[in-house]
S.K.: 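Got a structure for you, questions after.
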Amino acid sequence: MEDVDLFLETLKKVNKSKLKNGKKKSVVKKEENSTYEKTEVFEIFQNHSLDQIVAKYSKAELAAMYYAVYCSRPLSADNKERIAQVIKGYIHDMSRAEALLGGL
């Protein structure tokens with residue numbers, strides 16, 4: 001019984017505010033300030049293949065291009081290939097719409 005009493009007495013003396021709970025402070029990542037114009041993004045995607053774009057640009061740069069086109073950020077779960085595919089699809093749809101409306 002003495003061991004239990006000693007243990008409880010020791011616990012009472014512990015300063016709880018100085019205990020570490022294992023959580024690490026989050027590190028704020030400094031993002032590159034890449035900004036693209038919508039026309040610039042269109043040129044890039046019309047002059048290069050999807051594989052070339054994915055190989056050449058970082059995820060942050062592709063996210064900046066996505067923002068230039070959609071005025072919102074891509075989902076955090078999206079990878080580089082998915083972001084590039086979505087932008088390429090948008091540009092394809094816009095060129096189809098322009099071809100259809102150009103005939104009017």
Side-chain angles (χ1 to χ4, degrees):
M1 278 296 203
E2 290 181 26
D3 290 337
V4 174
D5 292 334
L6 178 65
F7 180 71
L8 291 175
E9 287 299 317
T10 307
L11 280 180
K12 288 179 184 176
K13 295 176 184 176
V14 172
N15 187 351
K16 295 176 187 174
S17 64
K18 293 192 177 187
L19 291 176
K20 294 183 180 179
N21 58 5
K23 293 182 182 177
K24 294 182 179 180
K25 293 182 181 179
S26 62
V27 177
V28 177
K29 292 182 180 180
K30 190 175 185 181
E31 293 184 18
E32 298 175 13
N33 291 336
S34 311
T35 56
Y36 292 91
E37 295 292 326
K38 197 172 189 176
T39 55
E40 185 181 1
V41 174
F42 278 34
E43 284 180 25
I44 291 169
F45 276 83
Q46 289 172 348
N47 296 331
H48 298 88
S49 71
L50 202 59
D51 293 332
Q52 290 172 332
I53 292 168
V54 170
K56 184 176 180 180
Y57 296 99
S58 68
K59 184 177 178 180
E61 290 171 324
L62 287 169
M65 291 180 198
Y66 185 97
Y67 187 83
V69 173
Y70 286 103
C71 295
S72 68
R73 293 180 181 222
L75 297 175
S76 60
D78 288 347
N79 57 15
K80 286 171 51 171
E81 293 83 12
R82 179 70 183 138
I83 295 169
Q85 288 171 349
V86 170
I87 296 170
K88 186 82 166 180
Y90 177 84
I91 292 170
H92 176 72
D93 292 346
M94 289 298 110
S95 63
R96 285 184 59 204
E98 187 177 315
L100 288 172
L101 295 176
L104 295 177

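It should be emphasised that the depicted structure is a prediction, and the values quoted were computed from it without experimental measurement.
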S.K.: Determine whether a donor-acceptor pair (N or O, by modelled atom type, separation under 3.5 Å) exists between the side chain of Gln52 and the backbone of Ser49.
M.R.: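 Such a contact is found between Gln52 side chain and Ser49 backbone.
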S.K.: Let me see the working for Glu61 and Tyr36 under side-chain contact (heavy atoms from CB on, under 4.5 Å), right down to the final yes or no.
M.R.: CA-CA 9 Å; Glu61 290 171 324; Tyr36 292 91; 3.8 Å; yes
S.K.: Verify, without hydrogens or angle tests, whether His48 (side chain) and Ile44 (backbone) share a donor-acceptor contact under 3.5 angstrom.
M.R.: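 Present.
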S.K.: side-chain contact (heavy atoms from CB on, under 4.5 Å) for Thr35 and Tyr67? Distances and angles first, verdict last.
M.R.: CA-CA 9 Å; Thr35 56; Tyr67 187 83; over 6 Å; no
S.K.: About how many Å separate NZ of Lys13 and CG of Leu8, when rounded to the nearest 0.5 Å?
M.R.: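 Going from the CG atom of Leu8 to the NZ atom of Lys13 covers 12.0 Å.
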S.K.: Does any non-hydrogen side-chain atom of Phe45 lie less than 4.5 Å from one of Leu50?
M.R.: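 Leu50 reaches Phe45 side chain to side chain.
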S.K.: Between Lys59 and Asp78, is there a donor-acceptor pair closer than 3.5 Å when you use the side chain of the first and the backbone of the second?
M.R.: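 A pair under 3.5 Å: yes.
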S.K.: Work out which heavy atom in Ile83 is nearest to a heavy atom in Leu62; give both atom names and the distance.
M.R.: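 Here Ile83 and Leu62 meet closest at CG2-O, 3.6 Å.
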S.K.: Check whether any side-chain heavy atom of His92 lies under 4.5 Å from a side-chain heavy atom of Arg96, and answer yes or no.
M.R.: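 Yes, their side chains come closer than 4.5 Å.
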S.K.: Keeping the roles fixed (side chain from Lys38, backbone from Ala68), state whether a donor-acceptor pair exists under 3.5 Å.
M.R.: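 Pair absent, no side-chain N/O of Lys38 close to backbone of Ala68.
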S.K.: Working note: Tyr66 + Ser72, criterion side-chain contact (heavy atoms from CB on, under 4.5 Å); need CA distance, chi angles, decisive distance, verdict.
M.R.: CA-CA 7 Å; Tyr66 185 97; Ser72 68; 4.0 Å; yes
S.K.: Do Tyr57 and Ile91 sit in one hydrophobic cluster, given that two such residues count as connected whenever their side-chain heavy atoms are within less than 4.5 Å of each other, even indirectly?
M.R.: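 Yes, same cluster.
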S.K.: Rounded to the nearest 0.5 Å, how far does NZ of Lys88 lie from CG of Asp93?
M.R.: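 Spacing of CG (Asp93) from NZ (Lys88) equals 12.5 Å.
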S.K.: Please confirm whether the backbone N or O of Ile53 pairs with a side-chain atom of Lys80, one donor and one acceptor, at under 3.5 Å?
M.R.: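 No, because the side chain of Lys80 does not come within donor-acceptor range (under 3.5 Å) of the backbone of Ile53.
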